[in-house]
S.K.: 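Questions regarding the structure given below will be posed in turn.
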Amino acid sequence: MTDNVTIQAALDALAAGRATARLEDGRASIVLDVTGLGEAARAELEADVRRAASGVDGVSEVRVLLTSERRTRRLIAVASGKGGVGKSTIAANLAIALKQGGRKVGLVDADIYGPSQPRLLGVEGVRPKAREKTLLPVETPYGVPLLSMGGLVAEGQAIAWRGPMAGGALGQLVDGDWGACDTLVLDLPPGTGDVQLTMIQKHKPAGAVIVSTPQDLALIDATRAIDLFRKAGIPIIGLIENMSGYACPHCGEVSDPFGKGGAEAAAAALEIPFLGRVPLEMAIRAASDAGTPPAAGNGPEAQVFADLAGKVGDWLRTL
Ligand SMILES: Nc1ncnc2c1ncn2[C@@H]1O[C@H](COP(=O)(O)OP(=O)(O)O)[C@@H](O)[C@H]1O
Ligand SMILES: [Mg+2]
């Protein structure tokens with residue numbers, strides 16, 4: 001019925017995925033899911049929904065039924081000992097691949113030094129809106145909503161973050177209105193300092209994925225990252241080796257500029273699972289720069305990320 005469609009569209013614009021409307025004899029019955037929202041945010045959303053429904057032609061009465069579920073939302077931290085190893089690239093594509101595997105996934109970009117998720121997910125320059133004090137994640141073309149530290153500061157603004165400050169800002173992102181999301185992938189700042197420790201202690205991720213390149217130095221840094229999580233009592237889901245082997249775009253020959261097998265051996269020595277390798281490929285860098293993550297495409301890289309997400313998903317099911 002056209003009226004149902006009109007009223008539903010009005011509510012979707014306002015409370016996507018939370019409100020379901022039915023119109024009968026001028027009476028609109030709306031079921032509003034307020035899971036995860038605080039008192040004030042609930043009241044405000046309900047008022048907004050009422051107002052929008054009353055404004056639809058032919059509506060004479062509005063009834064709103066609030067529902068709420070207890071939901072466990074798990075945080076998966078993606079971390080690395082140093083920058084430039086592809087942590088953000090892995091976090092974005094892992095989130096998309098987990099979503100394709102049937103989870104409801106959101107992405108939190110906690111990298112205060114260089115928030116890169118808005119660019120990776122093709123929503124650069126889109127700032128999150130807020131309802132009262134609750135941030136509303138930015139919808140991305142890949143079905144993975146995003147909140148980024150980048151959205152909290154003006155573009156190009158340099159800030160000297162202290163650990164507790166960064167931990168507080170992260171709280172705003174983690175406590176955003178994530179709706180039905182059951183899993184949040186957290187792109188942590190690189191390194192193993194005070195900022196990272198505060199973030200981890202405060203938000204207790206369910207587990208951590210460590211990203212490293214095959215280079216020795218990167219692996220030493222990865223070991224420090226692993227220690228940091230161990231100290232905080234956070235389980236390590238496993239190690240991903242990124243930029244593993246280079247496939248020449250001209251002849252297809254695979255070479256290993258940073259050596260081979262180092263990460264897998266290191267994982268064995270550290271007694272953590274090895275989740276797999278992501279090759280160093282022009283296509284990955286190009287797609288990432290263009291805001292079209294390879295996991296959302298249909299190239300061979302998509303399968304690489306699907307396999308990684310499969311392992312992370314298996315791990316999540318053991319909790
Ligand atoms: N497997 C890969 N193949 C090719 N380029 C990659 C790969 N992983 C990451 N990159 C590129 O390397 C650069 C750094 O990656 P990024 O994810 O930003 O690292 P980090 O978050 O660890 O600093 C980016 O330009 C990215 O596109
Ligand atoms: Mg990064």
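When a ligand or atom number is given, it counts from 1 through the structure's own listing order.
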S.K.: Does the Arg74 side chain pair with the main chain of Thr183, one donor and one acceptor, at a distance under 3.5 Å?
M.R.: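 Between the backbone of Thr183 and the side chain of Arg74 there is no qualifying donor-acceptor contact (under 3.5 Å).
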
S.K.: For the residue pair Asp187 / Ser88, report whether a side-chain donor-acceptor contact shorter than 3.5 Å exists.
M.R.: yes

S.K.: On a heavy-atom basis, which atom in Val85 and which in Asn242 lie closest, and how many Å separate them?
M.R.: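 Result for this residue pair: O-ND2, 2.8 Å.
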
S.K.: From Ser88, does some N, O or S atom reach closer than 2.8 Å to the Mg ion (ligand 2)?
M.R.: yes

S.K.: Under 3.5 Å between some N or O of ligand 1 and some N or O of Ser116?
M.R.: no

S.K.: Taking a cutoff of less than 4.0 Å between a non-hydrogen atom of the residue and any ligand atom, is Pro190 in contact with ligand 1?
M.R.: no

S.K.: Heavy atom to atom 20 (P) of ligand 1, shortest distance: which of Ser244, Gly84, Pro115, Ala283 holds it?
M.R.: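 Checking each option, the heavy atom nearest atom 20 (P) of ligand 1 is found in Gly84.
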
S.K.: Quick check: closest heavy atoms across Ala295 and Ala302, and the distance to 0.1 Å?
M.R.: O-CB, 3.9 Å

S.K.: List every atom of ligand 1 that sits less than 4.0 Å from any heavy atom of Gly83, numbering the atoms from 1 in the order shown and giving each element.
M.R.: 23 (O)

S.K.: For ligand 1, find out whether one of its N or O atoms is nearer than 3.5 Å to an N or O atom of Val278.
M.R.: no

S.K.: Nearest heavy atom to atom 25 (O) of ligand 1 wins, so pick from Met243, Met282, Arg285.
M.R.: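 Answer by nearest heavy atom: Arg285.
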
S.K.: Identify whether the distance between the nearest side-chain nitrogen and carboxylate oxygen of Arg285 and Asp289 falls below 4.0 Å.
M.R.: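 Salt bridge present between Arg285 and Asp289.
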
S.K.: Can you find a protein heavy atom closer to atom 13 (C) of ligand 1 than 4.0 Å?
M.R.: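 Under the 4.0 Å cut-off, atom 13 (C) of ligand 1 has no protein heavy-atom neighbours at all.
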
S.K.: Check contact between Pro279 and ligand 1, using heavy atoms of the residue and a distance below 4.0 angstrom.
M.R.: yes

S.K.: How about Lys204: does its NZ atom have over 12 heavy atoms from other parts shown lying under 6.0 Å from it?
M.R.: yes

S.K.: Tell me: protein heavy atom nearest atom 4 (C) of ligand 1, and distance?
M.R.: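 Atom 4 (C) of ligand 1 sits closest to the protein heavy atom Glu281 O, 3.1 Å.
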
S.K.: On a heavy-atom basis, which atom in Ala53 and which in Ile30 lie closest, and how many Å separate them?
M.R.: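 The pair with the smallest heavy-atom distance is CB-CD1, 3.6 Å.
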
S.K.: Among protein heavy atoms, which lies nearest atom 19 (O) of ligand 1, and at what distance?
M.R.: Gly86 N, 3.0 Å

S.K.: What protein heavy atom sits nearest atom 8 (N) of ligand 1, and how far off is it?
M.R.: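 Going by distance alone, atom 8 (N) of ligand 1 is nearest to Asn242 ND2, 3.0 Å.
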
S.K.: Which residue supplies the protein heavy atom nearest to atom 22 (O) of ligand 1, what is that atom called, and how far is it?
M.R.: Lys87 N, 2.8 Å

S.K.: Whether Asp221 and Arg224 form a salt bridge (side-chain N of Lys/Arg under 4.0 Å from carboxylate O of Asp/Glu) is what I want to check.
M.R.: yes

S.K.: Distance alone, cut at 3.5 Å: any donor-acceptor contact between the side chains of Thr89 and Ser288?
M.R.: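 Absent: no donor and acceptor within the cut-off.
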
S.K.: Hey, are Lys311 and Asp314 close enough for a salt bridge, meaning a charged N less than 4.0 Å from a carboxylate O?
M.R.: no

S.K.: Applying a 4.0 Å heavy-atom criterion (strictly less than), which segment of Thr89 is in contact with ligand 1: side chain, backbone, both, or neither?
M.R.: both

S.K.: Which residue owns the protein heavy atom closest to atom 18 (O) of ligand 1, what's the atom, and how far is it?
M.R.: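 The closest one turns out to be Ser88 CB, 4.2 Å.
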
S.K.: May I ask you to identify, for Asp187, whether its side chain, its backbone, both or neither come under 4.0 Å of ligand 1 on a heavy-atom basis?
M.R.: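 It is neither part, as no heavy atom is under 4.0 Å.
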
